[in-house]
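All values reported here derive from a predicted model rather than from experimental measurement. Ligands are counted one by one from 1 in listed order, and the atoms in each one are counted from 1 as well. When a residue number appears, it is its place in the shown sequence, counting from 1.
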Amino acid sequence: MAIPKITSAELKVCVHLAGQFPPAHLPEVAFLGRSNVGKSSLINTLLARKRLVRTSSRPGCTRALNFFLINDKWYFVDLPGYGYAQVSRETQARWGDLILDYLEKRATLKALVFLQDPRRTPGPEELFLWEKLRLWHRPVIPVLTKADKIKKAERPRRLRDITEVLEPFQVAAEDFLWFSAANREGRDKLWQRLLEHLG
Ligand code: GTP
Ligand code: MG
């Protein structure tokens with residue numbers, strides 16, 4: 001499959017509350033990962049847009065689920081990063097509920113792109129999410145971000161550390177994609193994987 005030409009990409013809505021979701025009538029993929037892991041940069045790279053998705057804070061939308069309409073055909077959903085220490089526990093819990101509910105129930109959600117910093121091993125939050133996604137039979141595309149920061153020779157060891165922790169969820173090392181927003185490594189491969197789910 002050829003990589004699609006992006007003719008339009010716009011932020012349709014940023015969702016803070018259950019009642020704000022756009023109608024579920026288009027296939028969508030969501031991007032999930034710890035705060036600062038590179039979700040927004042990855043989406044910008046996929047869409048070849050420098051600034052569609054702000055990679056710094058945007059008041060009002062950073063803590064929301066951001067729905068981007070792509071080519072009037074798909075939604076890309078930039079989920080708020082977790083593990084963000086500067087917000088209250090109560091607020092974190094509320095976002096968590098909204099996101100978990102979305103991950104469990106959204107009928108048109110075809111796949112999750114789950115981003116992981118290869119310099120960290122998955123922690124309790126990642127394991128919790130892997131568990132839930134498996135329970136809900138959600139297809140996951142695991143991505144290792146900021147690949148430009150990891151020497152090629154170091155990659156096998158990083159990958160081994162990560163897959164070891166994720167062993168209960170049967171994620172194979174070869175399922176992981178190395179991705180860099182800095183040099184666009186992995187962009188074409190990720191598009192291929194996305195298209196398998198988006199149709
Ligand atoms: P939140 O929205 O806060 O959850 O963060 P995010 O996951 O959207 O991360 P974002 O894309 O904003 O990137 C965080 C920081 O990492 C920024 O300073 C980016 O420039 C940097 N960054 C993202 N991707 C890459 C990459 O592939 N390589 C390098 N070297 N830096 C990156
Ligand atoms: Mg972001």
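Although no hydrogens or angles enter the test, the distance criterion places no donor-acceptor pair under 3.5 Å between the side chain of Arg134 and the main chain of Gln170.
Here Val37 has heavy atoms under 4.0 Å from ligand 1 in both its backbone and its side chain.
Considering backbone and side-chain N/O atoms, Ala181 comes within less than 3.5 Å of an N/O atom of ligand 1. Between Ser35 and ligand 1, an N or O atom pair is found at a separation short of 3.5 Å.
Contact atoms of ligand 1 toward Lys149: 30 (N) (distance under 4.0 Å to a heavy atom of the residue). Near Gly38, the atoms of ligand 1 lying under 4.0 angstrom from a non-hydrogen atom of the residue are 6 (P), 7 (O), 9 (O), 10 (P), 11 (O), 13 (O), 23 (C). Close approach of ligand 1 to Asp148 is summarised as follows: ligand atoms under 4.0 Å from at least one heavy atom of the residue are 26 (C), 27 (O), 28 (N), 29 (C), 30 (N). Interface of Ser41 with ligand 1, defined as ligand atoms under 4.0 Å from a residue heavy atom, comprises 10 (P), 11 (O), 13 (O), 19 (C), 23 (C), 24 (N). Here is the list of ligand 1 atoms found below 4.0 Å of a heavy atom in Ser180: 27 (O). Contact atoms of ligand 1 toward Gly81: 4 (O) (distance under 4.0 Å to a heavy atom of the residue).
Side-chain contact annotation: Thr145 with Asp117, donor-acceptor N/O pair under 3.5 Å absent.
Checked for salt-bridge contact, Arg155 and Glu185 meet the test: a charged N lies under 4.0 Å from a carboxylate O.
Between Tyr75 and Phe67, the ring planes lie perpendicular to each other; the angle is over 60°, past the 30° to 60° tilted range.
Residue-ligand proximity: Asn36 is placed with a non-hydrogen atom under 4.0 Å from ligand 1. Using a 4.0 Å cutoff on heavy atoms, Gly33 does not count as a contact of ligand 1.
Checked against the 6.0 Å centroid threshold, Phe76 and Trp191 count as a close aromatic pair.
A pairwise comparison of heavy atoms in His16 and Leu98 identifies O-CD2, 3.2 Å as the closest pair. Nearest heavy atoms, Ala111 versus His197: CB-CG, 3.7 Å.
Leu79 and Leu135 fall within a single hydrophobic cluster, where Ile, Leu, Val, Met, Phe, Trp and Tyr are joined by side-chain heavy atoms under 4.5 Å apart, directly or via other members.
Among Lys39, Glu185, Lys146, the residue whose heavy atom lies nearest to atom 32 (C) of ligand 1 is Lys146.
Sparse packing is recorded around CD of Glu167, with 12 or fewer heavy atoms of other residues, nucleotides or ligands lying under 6.0 Å away.
Inclusion of Ser41 in the first shell of the Mg ion (ligand 2) is not supported: no N, O or S atom falls under 2.8 Å.
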